[in-house]
Amino acid sequence: MAKTLHKPQFLIIIFILHLLTTIHSKTFSRNLSEKPHSFKKEKQTHLHFYFHDIVTGRHPTAVKVASASTTNSTLSLFGLVTMMDDPLTVGLELESKLVGRAQGMYASADLKELGFLMVLNYYFTEGKYNGSTLSILGRNAALTAVREMPVVGGTGIFRFARGYAQAKTHSFDYKSGNAVVEYDVYVLHY
Ligand SMILES: *[C@@H]1O[C@H](CO)[C@@H](O)[C@H](O)[C@H]1NC(C)=O
Ligand SMILES: *[C@@H]1O[C@H](CO)[C@@H](O)[C@H](O)[C@H]1NC(C)=O
Ligand SMILES: *[C@@H]1O[C@H](CO)[C@@H](O)[C@H](O)[C@H]1NC(C)=O
């Protein structure tokens, strides 16, 4: 005949089980590499798009948010901070297909030459990339032919992303200050 548990013993067992599950849920880290298929194979992706920096006109997408009292006395506009939500298009024309936006800021961070600190997220809206982001943190010497900036991370399809972005100014209107920049982004992700 099986021994039946009395109520106090039963409660003690429940209490111990509760303690054990509580301890388990407080586990700080887990070794995921024990499961070889927990992540897919690493992929390489090349993205190509045009970035439209519109600083004047009726609908600017980049606006000055700060400057120093000495900013205008430097050739590099040191201290100028601009916030942007710039459209990214597949073609050269602003009217071509929108694939995402560059949201963040660029700040003049070089005392001598034009050198921006770029801190931004590409927020993609196209196809399978819709909702995914790539984060850029780098130096942009805007007058140099090709500038390279690191991709420091990503979300969605770009989880675990790392890579680099190359920027080439396609056109710059000295009168309006508006620029179109061609981007090639090379990224490793899963
Ligand atoms: C994590 O799993 C790997 C692969 O099984 C193993 O070599 C490694 O020792 C484990 N690390 C820890 C901290 O358990
Ligand atoms: C710097 O120059 C800009 C553009 O000419 C002007 O709008 C701004 O007021 C100037 N800032 C200072 C602090 O003089
Ligand atoms: C992107 O996703 C959002 C939210 O799920 C959706 O509203 C939108 O229509 C999608 N855009 C494209 C171009 O697929």
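All values below were derived from every heavy atom in this structure, side-chain atoms included, with hydrogens, water molecules and symmetry-related copies excluded. Note that ligands are numbered from 1 as they come in the structure, with each ligand's atoms numbered from 1 the same way. In this text, all values refer to a predicted model and were calculated from it rather than measured experimentally. Quick note: residue numbers are just sequence positions, from 1.
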> What residue pairs, at least two apart or across chains, pass salt bridge (charged side-chain N to carboxylate O under 4.0 Å, His left out) with a residue in residues 117-145?
Replying inline: K97-E126, D110-R139, E113-R139
> Are Q44 and H189 linked by a side-chain donor-acceptor pair shorter than 3.5 Å?
Replying inline: no
> Considering only heavy atoms from C-beta outward, does the side chain of H46 approach that of V187 to under 4.5 Å?
Replying inline: no
> Where does the angle between the aromatic ring planes of F172 and Y174 fall among parallel (under 30°), tilted (30 to 60°) and perpendicular (over 60°)?
Replying inline: perpendicular
> Which of these passes side chain to side chain contact (heavy atoms under 4.5 Å, CB included) with V151: L134, L47, L137, L188?
Replying inline: L134
N/O pairs closer than 3.5 Å, ligand 2 and protein:
| unit_1 | atom_1 | unit_2 | atom_2 | d |
| --- | --- | --- | --- | --- |
| ligand 2 | 2 (O) | N72 | OD1 | 3.2 |
| ligand 2 | 2 (O) | N72 | ND2 | 2.4 |
| ligand 2 | 11 (N) | N72 | ND2 | 2.8 |
| ligand 2 | 14 (O) | N72 | ND2 | 3.2 |

>> Would E126 count as a polar contact of ligand 3, with the cut-off being nitrogen or oxygen pairs under 3.5 Å?
In response: no
> Without hydrogens or angle criteria, can the side chains of T61 and D85 be said to hold a donor-acceptor pair below 3.5 Å?
Replying inline: no
